[in-house]
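Notes to accompany the following structure.
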Amino acid sequence: MDADALLLDLNPEQREAVLAGDGPMLVLAGAGSGKTRVVTRRLARLVREGADPRRIVAVTFTNKAAEEMRERVAALVGRRLPSFVGTFHSWGLRFLRRAGGAEGRTANFSIADTADQIALVRESMEELGLSEQTFTPGAVHARISDAKSAARSAERFAAEEGDFAGTRIAGVFARYEKKLRAANAFDFDDLIAVPVRTLRGSDALRDRERAGIEHLLVDEYQDTNAAQDALIKLLGEKARSLCAVGDEDQSIYAWRGARVEHILRFEEDFPGARIVALTRNYRSTATILEAAAAVVSHNRRRRPKSLVSEAGAGQAVEVRAFRDDRVEAEWVISEIRRAERPLSEFAVLFRVNAQSRSFEDELMRQGVSYVVIGGMKFYERAEVKDAIAYYRLALDPADDLAFRRVVNVPARGIGGVTLDRLAAAARERGVSLFEASVDAAGITERARIALDRFRAIVAAGRAKAEELGPASLLEFVLEASGYRALYAASEEREDVARRENLIELVSAAREYERREGEAATVRGFLDAVSLATDADAPRPSGAVTLMTLHSAKGLEFPDVYVAGLEEGFLPHVQSAGSEDEIEEERRLLYVGMTRARRRLTLTLARQRMLYGETRPRQESRFAAELPPSVARIEDASRPPTLFSRGEDEEDGFRWERTERSRLPPRRPAPVTVARRRAAVPGALAGFSRGARVRHPTYGSGVVLQQEGSGEEARLTVFFDRAGKKKFVAKFANLTPG
DNA sequence: CTGCTTCACCTTTTT
DNA sequence: GGTGAAGCAG
C-alpha cells in the first residue's frame with residue numbers, strides 16, 4: 001500500500017486526521033466512526049514519511065486494543081513498527097524497569113495485584129487499630145486508589161484531607177505505601193503515578209524521555225484519569241505531534257477516576273490544537289443511531305454533536321416489557337433462535353453480572369451455545385495466585401506479599417501468630433519476612449523447622465530461576481513446593497479444576513515462550529501475567545455473547561439486546577446520587593445501544609428475582625428519552641402486574657400486542673456452552689462443533705462435540721493422527737487450526 | 001492452627 | 001441466592 005492507498009478508502013475527516021502534521025490534535029471519534037482505521041493509518045503514514053519508528057509511541061487502555069493496533073500497523077509498515085504500542089500501564093512498567101526502580105524499589109520490583117493491595121490496607125488498618133466496622137478495607141483502598149489515580153502522594157493526601165475520615169485514611173495510606181516499599185512492590189496505580197512523579201522531579205530524566213518521543217498517540221482519551229492525563233502532558237507537550245483520540249459520550253469509567261474534563265478541555269490545555277470530528281458512522285443504522293443519540297443528548301457535559309449513519313434506515317428499535325426476568329430471558333433467546341442467523345451475531349448486554357443468570361439458564365434450557373465475558377477471572381483464582389507467588393519468590397525472596405501468601409500453603413504449621421512475630425521482627429530490622437525468618441526470636445521450634453524447610457524451597461527455586469525458562473521454572477516450583485501434590489490425590493470437582501488451572505498456567509508460560517522466542521524471560525512472563533486480563537481473549541464463533549455494558553465497549557454485533565432497562569439498573573441504584581452519575585449511566589446505555597449494527601432491542605421486566613427475592617421493577621427514566629420512532633411493545637403473554645397503560649399511551653408511543661414467543665425447546669439439543677478460557681498473555685480462542693483446531697501434542701483435528709455446561713464443558717476432538725481425545729474445554733490448550 | 005458454621009453484604013472493573 | 005469473612009470448637 002503506498003501513501004495514497006493509505007487514504008483511498010477514507011472520508012475527508014478521516015483523511016484530515018491521518019494527514020494532520022505537527023502539533024496537538026484531538027480526534028473526536030464517535031461510535032463506529034472508523035477510529036481504529038484512522039489511528040493505524042496515521043501511524044503508518046508517519047513511518048512512511050520518514051519518521052523514526054523508534055520515536056513513535058502509541059498508548060491504549062487495553063491489551064486487546066494495543067494488540068489490534070500493533071497488528072494492523074504491522075500490516076501496513078512491516079517491521080518498521082513504532083517502538084511502543086501498548087497500554088498505559090505497560091508503558092509505566094517499562095519506564096520503571098528501565099529506570100532501575102524508583103521510590104525505594106529495585107529494578108526487580110514486583111506488582112501487587114488487587115488482593116495484595118487490599119491485604120496491605122487491612123494490615124495497616126489493624127496496626128492502627130481502625131475497626132473494619134467504621135471503614136471497610138475495600139472502601140479505604142478505593143480512597144487510596146482514587147488519590148493515586150490523581151497522582152497524589154500519601155503526604156499530599158495527609159495535608160489535604162483534614163476531616164475525621166480523611167486523617168484516618170491518610171494514616172493507612174502512609175502505612176500502606178511503606179509496606180509496598182518494604183515488599184519491593186508497586187501497585188497498578190503506581191505504574192502511572194510514580195513515572196509522573198519521577199518525570200516531574202527530574203529535568204534531566206524528563207528531557208531524556210521527551211527526546212525519545214517524537215510522535216505520541218493516545219487512544220480512548222475520555223477514559224484518562226488525572227495521572228494518565230498528567231503523563232500525556234509531560235510526554236506530549238514538547239512532542240512534534242500529539243494525537244489524542246476519544247469520545248466523551250463513551251466515557252464510562254469515572255468511578256475509576258477517569259475524567260471527561262480531560263477531553264472537554266483539550267483545547268484549553270493545548271492552545272491552537274486542531275480538532276477533527278469523525279461524524280460518519282459506518283456501523284449502525286440511522287434508526288439505531290437516532291435512538292442512541294436521543295438518549296445521550298440529555299447529557300449536559302458534552303459537546304453537542306450528531307453522528308450520521310452511512311448504513312441506511314433499517315428496522316425499528318424496540319422496547320419490550322415483560323412480566324418478569326424469566327419471561328424476558330425466554331423471549332430474547334427464542335427470538336435469537338427464530339432469527340436463524342449465526343449465534344455470534346447476537347449479544348445480550350446488561351448492567352450487572354448477576355443479570356446473566358436468567359439468560360444462562362434459558363440458553364441452556366433451549367440448547368443454545370453462549371459465552372459469558374467476565375465473571376471469575378483466571379488470574380484471580382487462588383491456585384493460580386499461589387503458583388505465581390512461588391514463582392515470584394523464586395525471582396525475589398524478599399517479595400513479602402508472595403511470602404505471606406504461600407508460606408503456609410500447603411499447610412506447614414506456620415500460622416498467624418508466627419507470621420505476626422516475623423512481621424514485627426522484619427519491621428524492626430527493616431528486612432524482608434524471608435530475611436527475618438532466618439533467626440527471628442520468640443518463634444516456636446516447630447515453626448522454626450517449618451520455616452527452614454520453606455526457605456530451602458525458595459532457595460532451590462531461586463537457583464533454578466537462573467537456568468530455567470518461564471515454563472520449566474513454574475513446573476519446578478510447583479513440584480518442589482509440594483503445591484502440586486496438594487491437589488493431586490483428590491477427585492473432587494474443585495480439586496480437579498485446580499489441577500487443570502495449574503496445567504493451563506504452565507501452558508500459558510509455554511505460549512509466552514513461543515511468542516517471545518529469544519526475548520522470553522522469567523521476569524517477562526511474570527510482568528505479562530501481572531498485566532494480563534481476561535478481556536484479552538477473542539470471542540469464540542458459534543455462540544451468543546453475554547456481557548456487561550462496560551465490557552461491550554469497543555465491540556459491535558449485528559443484533560443487540562440491552563436487558564433490564566429498569567430503574568435500579570439504568571441508572572444503577574448506587575449511581576443515581578448525582579447528576580454526574582446519572583450522566584455516566586446514560587452514556588453506558590448509549591455505549592450499549594451503539595454496539596448494534598442492524599437491530600437493537602431494549603428489554604425490561606416488571607418484576608425480577610434479585611438477591612433471593614422477587615421485587616417489582618419500574619421502567620428506566622431513560623426509556624422516556626427515546627424518540628417516538630422507537631416501538632414499544634408490552635408482552636401480553638401474561639397480565640402485567642404493575643403497569644399503568646393510560647399514561648404511556650399519551651406519550652405518543654405506539655403499543656402493540658404480541659403473542660408470547662413459544663418455540664418448543666430444541667430437543668434433543670446438545671447443550672453447547674462455550675465458556676471463556678483463561679486469558680493467557682497471548683491469543684486464545686473458544687471452539688464450537690466442526691471447528692478445525694490444533695493441539696501442541698496431538699496435532700490438528702476437528703471438534704466433534706461439546707458437552708456439559710459451565711466450567712466443566714468438555715470437548716471431544718478427533719485428531720487426524722491421534723484419533724479421538726476428550727478435553728475440558730477451558731484447559732484444552734487448543735489453537736485454531 | 002485449622003476447619004466448620006453462622007452472618008452480612010451485595011455495581012460497573014480497561015490495568 | 002451465593003459468597004466471603006468473622007467467630008468458635010476441636
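The sequence lines fix the lettering, A, B, ..., with proteins before strands; numbering per chain opens at 1.
Stacking between A/Y253 and the base of B/dT12 is absent under the criterion of ring centres within 5.5 Å and planes under 30 degrees.
OP1 or OP2 of B/dT12 sits under 4.0 Å from a side-chain N or O of A/N353. Proximity of A/N63 to the phosphate of B/dT15: a side-chain N or O atom is located under 4.0 Å from OP1 or OP2. For the OP1/OP2 pair of B/dT15 and a distance below 4.0 Å, the side-chain nitrogens and oxygens of A/N225 include no atom meeting the criterion. In this model, the phosphate group of B/dT13 is not approached by any side-chain N or O of A/T114 to a distance below 4.0 Å at OP1 or OP2.
Minimum heavy-atom separation, A/D187 to A/K148: OD2-NZ, 2.8 Å.
Without hydrogens or angle criteria, A/R105 side chain to A/A185 main chain gives a donor-acceptor distance under 3.5 Å.
Residue A/M125 contributes atom CE, which lies 14 Å from atom C1' of C/dA5 at whole-angstrom precision. For the pair A/E220 CD and B/dT14 P, the interatomic distance rounds to 13 Å; values are reported in whole Å. If you take CG of A/L549 and C1' of B/dT14, they are 15 Å apart, rounded to a whole angstrom. Between the C1' atom of B/dT14 and the NZ atom of A/K64 lies a distance of 11 Å, rounded to the nearest Å. Between the NZ atom of A/K148 and the C1' atom of B/dT13 there is a distance of 18 Å, given to the nearest Å. Look at CZ on A/R615: it is 12 Å from P on C/dG1, rounded to the nearest Å. Atom CG in A/D223 sits roughly 12 Å away from atom C1' in B/dT13 (whole-Å rounding). Across the protein-nucleic acid pair, A/E613 atom CD and B/dC9 atom P stand 15 Å apart, rounded to whole Å.
Between the side chains of A/N299 and A/R586, a donor-acceptor pair is found at a separation under 3.5 Å.
When distances run from any side-chain atom of A/M609 to the nucleotides B/dT15, C/dG1, B/dC1, the shortest one goes to C/dG1. Taking every side-chain heavy atom of A/T62 into account, B/dT14 is the closest of B/dT2, B/dT12, B/dT14. Proximity note for A/T87 (side chain, C-beta onward) versus C/dA5, B/dT15, B/dT13: the nearest is B/dT15. Comparing B/dT12, B/dT13, B/dC10 against the side chain of A/S551 picks out B/dT13 as the nearest. Proximity note for A/F61 (side chain, C-beta onward) versus B/dT15, B/dT2, B/dT14: the nearest is B/dT14. The listed nucleotides are B/dT15, B/dT2, B/dT12; the one nearest the side chain of A/R351 is B/dT12.
The residue among A/E581 and A/R412 whose nearest nucleotide of DNA chain B lies closer to the 5′ end is A/R412. With the nearest nucleotide of DNA chain B identified for both A/A258 and A/T418, A/T418 has the one nearer the 5' end.
Both tests hold for A/R97 against A/F109: distance to the six-membered ring centre under 6.0 Å, angle to the ring axis within 45°. Cation-pi geometry between A/R152 and A/F173 is not met: the NZ or CZ atom fails to fall both under 6.0 Å from the ring centre and inside 45° of the normal.
Across all strands shown, A/I252 has no heavy atoms under 4.0 Å from either base or sugar-phosphate atoms. Looking at heavy-atom distances under 4.0 Å, A/T60 makes no contact with the nucleic acid at all. Nucleic acid contact class of A/A354 (heavy atoms, under 4.0 Å, all strands): none. Within the 4.0 angstrom heavy-atom criterion, only backbone atoms of the sugar-phosphate kind lie near A/R357; the bases stay farther away.
Here A/F569 and A/F350 keep their ring centres 6.0 angstrom or further from each other.
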